[in-house]
2 protein chains.
Amino acid sequence: MPQSPAAQAGRKSSRIQVRNRKRILEAALEVFSTHGYRGATLDQIAAEAGLSKPNILYYFEGKEEIHVTLLNQLLDAWLAPLRAIDPQGEPLDELMGYVHRKLEMSRDLPRESRLFANEILQGAPRMVPHLDSVLKPLVDQTAAVIEGWCVQGKLAPVDPRHLLFSIWATTQHYADFEAQVGVLMGEVDVHTGAAAHLEALFRRLLTPGLIVENS
Amino acid sequence: MPQSPAAQAGRKSSRIQVRNRKRILEAALEVFSTHGYRGATLDQIAAEAGLSKPNILYYFEGKEEIHVTLLNQLLDAWLAPLRAIDPQGEPLDELMGYVHRKLEMSRDLPRESRLFANEILQGAPRMVPHLDSVLKPLVDQTAAVIEGWCVQGKLAPVDPRHLLFSIWATTQHYADFEAQVGVLMGEVDVHTGAAAHLEALFRRLLTPGLIVENS
DNA sequence: GTCTATACCTCGATAGAC
DNA sequence: GTCTATCGAGGTATAGAC
């Protein structure tokens, strides 16, 4: 009597099982990110994955488990640039590097961005525990580092958390609101313009000792 | 044979009809903004409005018409601060005033913010025509004004459209991602801190002639 | 492991009494 | 104008053959 892979926690999986789970999650990312949790259907995911609907449910207990698995699995990669900030590095370089890496992620991984945006926008019903246990400690830690840089005078005084919000908001905007950006910018190279703009925006904010030029 | 109010285009409406349509739209704003279009149900809207489900459908042709009506009706109020930018005013004051008005709208009208965010995030299927006919001309016009200010040296050189994106993204972030902001900031006064942060962020970007202090 | 068939439910919309 | 009752589509999930 074969047990569903969804139920067998620690058991070893065959290559085909691993491959199918991957295909399902890839398809689910595509569908959930464009239609939201409620708007996505198992039919769409099955079609996208090239499997039958019952076969999907052989690998996952249900729609919700697919979604939660996806969120938790992608959060690590999504937060990698934040973890990569080096407390020993040059403060301005570290933060500007973070801005540009986040912007590149919006360009290269827009589906991930929209997946999280959809979830948080609706109150993060399936992610609050994870936000609390994973994101919050990481942000607290990073905030302390930035705070230290400010005290040392390596950065202009800034509230670390609001700074992070601004970086997230401005960079992810290009992925999350792409429909609107597309209408307003037409066919121009959005990414290059955005990179230059955000470079100016955050460098001016963070550079210590800026004053108005005497004329 | 009574005709549904939904069908009678130009006919005069009774006071009770006006009131009920208002109650339905108010309820719909609450429900659509927290669950998205697909996640919202007529049952929820009916319960929120204190009416029965068929009664809702006496006033509107269907779920979609309620949503479209809501979007088109609220877009005007939502864009008011942008229209309020005065080409004759002091450039820096006009733009900083816009930033603060947008931030106050995120605090006072978070449901409107999330309603639009949900819609645009999923490709704005029911709003692209309106974005094109209403938002785009307004943005083009405002961009020209800002461009002029830059040429006159009243502002630091800046791409007007990316500037607007940054203002929208940073201010609306506090409404759209409130669930995440709440987890990361706890019970502190978010609005006051955000206002101070955005004041610094955009004033530094836009002030002409900033240089690094000689020490 | 994967399929067809189907049970069962939720939801949008309608019928028809009042 | 508003209600109860209900239809039919579409959705998640399961049964059971292969």
Side-chain angles (χ1 to χ4, degrees), chain A residues 1-9 11-25 27-28 30-32 34-70 118 122 125-126, chain B residues 1-9 11-25 27-28 30-32 34-70 118 122 125-126:
Chain A
M1 184 175 281
Q3 190 73 329
S4 147
Q8 32 169 281
R11 277 239 245 107
K12 173 174 88 170
S13 301
S14 73
R15 275 183 302 291
I16 191 168
Q17 280 177 355
V18 173
R19 195 204 51 169
N20 276 350
R21 281 185 68 97
K22 239 180 170 164
R23 284 165 63 152
I24 293 168
L25 289 172
E30 182 70 28
V31 177
F32 280 133
T34 50
H35 297 99
Y37 178 75
R38 198 64 154 50
T41 69
L42 290 182
D43 276 315
Q44 292 173 302
I45 297 174
E48 185 80 26
L51 298 171
S52 70
K53 190 160 52 169
N55 205 3
I56 300 281
L57 294 168
Y58 172 77
Y59 287 98
F60 290 91
E61 280 181 1
K63 182 181 180 178
E64 175 143 3
E65 199 209 330
I66 303 178
H67 193 235
V68 174
T69 303
L70 201 56
N118 260 306
Q122 302 185 6
R126 288 165 286 275
Chain B
M1 184 177 279
Q3 190 72 329
S4 148
Q8 33 170 280
R11 279 241 243 103
K12 175 173 85 173
S13 301
S14 73
R15 275 184 302 290
I16 192 167
Q17 279 177 355
V18 174
R19 196 204 51 173
N20 275 352
R21 278 184 71 96
K22 239 180 168 165
R23 283 165 65 153
I24 293 168
L25 289 172
E30 181 70 30
V31 176
F32 280 133
T34 51
H35 297 99
Y37 177 75
R38 201 65 155 50
T41 69
L42 290 182
D43 277 315
Q44 292 173 301
I45 296 173
E48 185 79 25
L51 298 171
S52 70
K53 188 163 52 170
N55 205 3
I56 301 280
L57 294 169
Y58 172 77
Y59 287 98
F60 291 90
E61 278 181 3
K63 182 182 181 178
E64 175 142 4
E65 199 209 330
I66 302 178
H67 193 235
V68 174
T69 302
L70 203 55
N118 262 305
Q122 300 186 6
R126 286 163 289 273

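All chains are named by letter (A, B, ...) in the order of the sequence lines, taking the proteins before the strands, and each is independently numbered beginning at 1.
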Using modelled atom types only, decide if a donor and an acceptor are shared between the side chain of Arg21(B) and the backbone of Tyr59(B) within a distance under 3.5 Å.
yes
When the distance from [atom1] of [X] to [atom2] of [N] is rounded to whole Å, what number comes out?
{"X": "Glu65(B)", "N": "dA13(C)", "atom1": "CD", "atom2": "P", "result": "10 Å"}
{"X": "Arg23(A)", "N": "dG1(C)", "atom1": "CZ", "atom2": "C1'", "result": "13 Å"}
{"X": "Arg21(A)", "N": "dG1(C)", "atom1": "CZ", "atom2": "P", "result": "13 Å"}
{"X": "Gln44(A)", "N": "dG11(D)", "atom1": "CD", "atom2": "P", "result": "7 Å"}
{"X": "Tyr58(B)", "N": "dC3(D)", "atom1": "OH", "atom2": "P", "result": "12 Å"}
{"X": "Ile66(A)", "N": "dT12(D)", "atom1": "CD1", "atom2": "P", "result": "9 Å"}
{"X": "Ile24(A)", "N": "dA13(D)", "atom1": "CD1", "atom2": "P", "result": "13 Å"}
{"X": "Arg19(B)", "N": "dG1(D)", "atom1": "CZ", "atom2": "P", "result": "11 Å"}

Out of dC3(C), dT2(D), dC3(D), minimum distance to the side chain of Ser52(B) belongs to dC3(D)
Do any side-chain atoms of residues 46-55 of chain B form donor-acceptor pairs under 3.5 angstrom with protein atoms, and if so which ones, sequence neighbours left out?
| from | atom 1 | to | atom 2 | distance (Å) |
| --- | --- | --- | --- | --- |
| Ser52(B) | OG | Asn55(B) | N | 3.3 |

So, does Tyr59(B) get its side chain near the phosphate of dT2(D), meaning an N or O under 4.0 Å from OP1 or OP2?
yes
Phosphate contact (dC3(D) OP1 or OP2) by Asn55(B) side-chain N/O below 4.0 Å:
yes
[X] side chain near [Y] side chain, heavy-atom distance below 4.5 Å:
{"X": "Ile24(B)", "Y": "Tyr58(B)", "result": "no"}
{"X": "His35(B)", "Y": "Asn118(B)", "result": "no"}
{"X": "Phe32(A)", "Y": "Ile66(A)", "result": "yes"}
{"X": "Arg38(A)", "Y": "Thr41(B)", "result": "yes"}

Measuring from Leu57(A):CG to Ile45(A):CD1, what's the distance to the nearest 0.5 Å?
9.5 Å
Between OG1 of Thr69(B) and CD of Glu64(B), what distance do you get to the nearest 0.5 Å?
10.0 Å
Side-chain donor-acceptor contact under 3.5 Å, Arg126(B) with His67(B):
yes
Pairs under 3.5 angstrom, nitrogen or oxygen only, protein versus nucleotides 10-12 of chain C, please.
| from | atom 1 | to | atom 2 | distance (Å) |
| --- | --- | --- | --- | --- |
| dC11(C) | OP1 | Arg38(A) | NH2 | 3.0 |
| dG12(C) | OP1 | Ala40(B) | O | 3.3 |
| dG12(C) | OP1 | Lys63(B) | NZ | 3.0 |
| dG12(C) | OP2 | Leu42(B) | N | 2.8 |
| dG12(C) | N7 | Lys53(B) | NZ | 3.2 |

Check nucleotides 16-18 of chain C against the protein and report each pair of N or O atoms closer than 3.5 Å, with its distance, or say if there are none.
none

